[in-house]
Amino acid sequence: MKNIFAFALVMFCATVHAEPQKRLILTDPELLKAVGVVPTLERVDLGVALASVTAEQEAKISEQAHDWGRCGGFESLFDSELVGDSRKTSFSSSSLDKIFSGLEYRQMKEYMGFANPAPVLTLDPAILASTEKVESERIKQWVQWFSAFPTRHHAAPTNNDHVMQLKTKVEAMLAGSSIQYTVETIDHQRTKQKSLKVRIEGSQRPNEIVVLGGHYDSINGSFMGGSKAAPGADDNASGSASLLEALRVISANGQPQRTIEFMWYAAEEVGLWGSAEIAASYKSSAKDVIGVLQLDMTMFPGDGELVIASMSDFTSAWMRGLLLELNRLYINAKIIDDKCGYGCSDHASWNRQGFPTLMPFESSMSSMNSHIHTAQDVINSQSNFTHAAAFSKIAVAIAMQLGNSTLRE
Ligand code: BES
Ligand code: ZN
């Protein structure tokens, strides 16, 4: 009896004194200042700060970011990126190196003239013919399919329904193809939702990889949001659909010289979790990633049909230059410059590991779709699949230009 009492007391005290669970995040130092969180470490030269925060503080940061016209405002790091525990407030130099070395490398490439200038291209009839095969109606059908799931939230009980069904659909799409490919799901440490990867093996330089990706999870509200309706039609059934249409066209082309990998990422909406793990594992196994295209939101033409923003933060100047050339030759959209102001999507995960990235976006930030992250993010009269098709064409052109040449940053 006495023992039971002592046990109960210990349990009670443990509950009362339990530290709130904290997460380590990488964010804009100004955001931390605005919400009164002291950074664990600030890298003024890289414009980022590390901080260990509670869920409550994370929500405040997100709220502040929203007030400044941004969305979430942070990337969350995961334990295997650190040596030890994410609640620590001091880190070994090898942990810090893991976190910052990719960003330092990007800074060298971007600002110190270590990157090649973007190439001047001439028209390749094969690329033109392939971009002309993109069909906007198929993109619409994919968006309808994705957005019919009540939610694709990473923590919903149904979090892998769309994943497993998509895998089957993609396998069926590729079944008749003569190219060498694999379709696989990728398990994650921090979420039970899986990412999906389709790899088209390069015939001549298979170790050189071009990545085309977008997230297929959805959310309603900033946090939790697992049980509420989250159709996520624009964010990001649209980018996922634009990628699927690009896959259909590219897979009909025969084996590329370099490997092309298509990725649909898990759990982007809670801090880029799926892509962060994948990009970290590609870095640690020293994979030669030539370029990463991110498609996140492609069907809301906020600045008009075929006006596309090229995000200039967390992306590569070389890839942005390449986009301008490919657009001039094959797409004829109007490309404007804009920035997210923080690591707003999965390209930031790859950028942070040192890889060259590109993020063409459906509109400028100031005319963005106001329905994202709500139950109203559905296909409506403003949804524009000609606009979304331009993004498939970008993916096709990037895959063919980088996939069949020796160009690199
Ligand atoms: N698609 C959005 C990002 C976005 C929104 C880009 C508006 C440009 C304009 C993305 O899915 C998203 O919501 N990302 C999170 C960031 C993440 C680190 C939690 C966000 O912005 O809140
Ligand atoms: Zn998104």
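As a basis for the values below, the full set of heavy atoms in this structure was taken, side chains included, without hydrogen atoms, waters or symmetry mates.
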Exercise. Can N369 and D234 be counted as having a side-chain donor-acceptor contact under 3.5 angstrom?
Worked result: yes
Exercise. Going by distance alone, is a donor N or O of one side chain under 3.5 Å from an acceptor N or O of the other, for D337 and S310?
Worked result: no
Exercise. For H154, does its backbone N or O pair with a side-chain atom of N159 as donor and acceptor, under 3.5 Å?
Worked result: yes
For this session: With side chain to side chain contact (heavy atoms under 4.5 Å, CB included) as the test, would you mind laying out the steps for S392 and V249 before giving the verdict?
Result: CA-CA 9 Å; S392 304; V249 171; over 6 Å; no
Exercise. Going by atom types alone, do S101 and K283 pair a side-chain donor with an acceptor below 3.5 Å?
Worked result: yes
For this session: Establish, from distance only, whether the side-chain atoms of E409 and S316 form a donor-acceptor pair under 3.5 Å.
Result: yes
Exercise. Under 30°, 30 to 60°, or over 60°: which ring-plane class applies to Y265 and W350, parallel, tilted or perpendicular?
Worked result: tilted
For this session: Taking T151 for its side chain and A229 for its backbone only, find out whether a donor-acceptor pair lies under 3.5 Å.
Result: no
Exercise. Can you check whether A233's main-chain N or O pairs, donor with acceptor, with S147's side chain at less than 3.5 Å?
Worked result: no
For this session: Begin with the C-alpha distance, continue with both residues' side-chain angles, and end with the deciding distance and a verdict on salt bridge (Lys or Arg N to Asp or Glu O under 4.0 Å) for R199 and E201.
Result: CA-CA 6 Å; R199 177 179 163 104; E201 192 71 13; 2.8 Å; yes
Problem set entry | Lys NZ or Arg CZ of R352 over F314 ring: under 6.0 Å, within 45° | no
Exercise. In terms of ring plane angle, is the pair W264 and F262 parallel, tilted or perpendicular, where the classes change at 30° and 60°?
Worked result: parallel
Exercise. When the aromatic ring centroids of W273 and H188 are compared, is their separation below 6.0 Å?
Worked result: no
Exercise. If you measure only the distance, is there a donor-acceptor pair under 3.5 Å linking the side chains of R23 and S52?
Worked result: no
For this session: May I ask you to check whether H373 and D235 show a side-chain donor-acceptor distance below 3.5 Å?
Result: yes
Exercise. Is the backbone N or O of R152 less than 3.5 Å from a side-chain atom of S218, with the two atoms forming a donor-acceptor pair by type?
Worked result: yes
Exercise. Looking only at atom types and distance, does a side-chain atom of R43 sit under 3.5 Å from a main-chain N or O of A49, one as donor and one as acceptor?
Worked result: no
For this session: Taking atom types as modelled, find out whether S367 and S364 have a side-chain donor-acceptor pair closer than 3.5 angstrom.
Result: yes
For this session: Report yes or no: do E261 and Y282 form a side-chain donor-acceptor pair below 3.5 Å?
Result: yes
Exercise. Just by distance, do the side chain of S203 and the backbone of P256 share a donor-acceptor pair under 3.5 Å?
Worked result: yes
For this session: Check the side chains of N253 and S130 for a donor-acceptor pair under 3.5 angstrom, ignoring hydrogens and angles.
Result: yes
Exercise. Donor-acceptor pair, E110 side chain versus A317 backbone, under 3.5 Å?
Worked result: yes
Exercise. So, S242 and T298: side-chain donor and acceptor under 3.5 Å apart, yes or no?
Worked result: yes
For this session: Please test E63 against K60 for salt bridge (Lys or Arg N to Asp or Glu O under 4.0 Å), starting from the C-alpha separation and ending with a verdict.
Result: CA-CA 5 Å; E63 222 173 275; K60 264 195 194 159; over 6 Å; no
Exercise. For G341, does its backbone N or O pair with a side-chain atom of D313 as donor and acceptor, under 3.5 Å?
Worked result: yes
Exercise. Between D296 and H215, does any side-chain donor sit less than 3.5 Å from a side-chain acceptor?
Worked result: yes
Problem set entry | R328 side chain vs L121 backbone, donor-acceptor pair below 3.5 Å | yes
Problem set entry | E137/K140 under salt bridge (Lys or Arg N to Asp or Glu O under 4.0 Å): CA gap, chis, key distance, verdict | CA-CA 5 Å; E137 187 55 32; K140 182 179 183 178; 5.1 Å; no
Exercise. Does N236 reach the main-chain N or O of G239 with its side chain, forming a donor-acceptor pair under 3.5 Å?
Worked result: yes
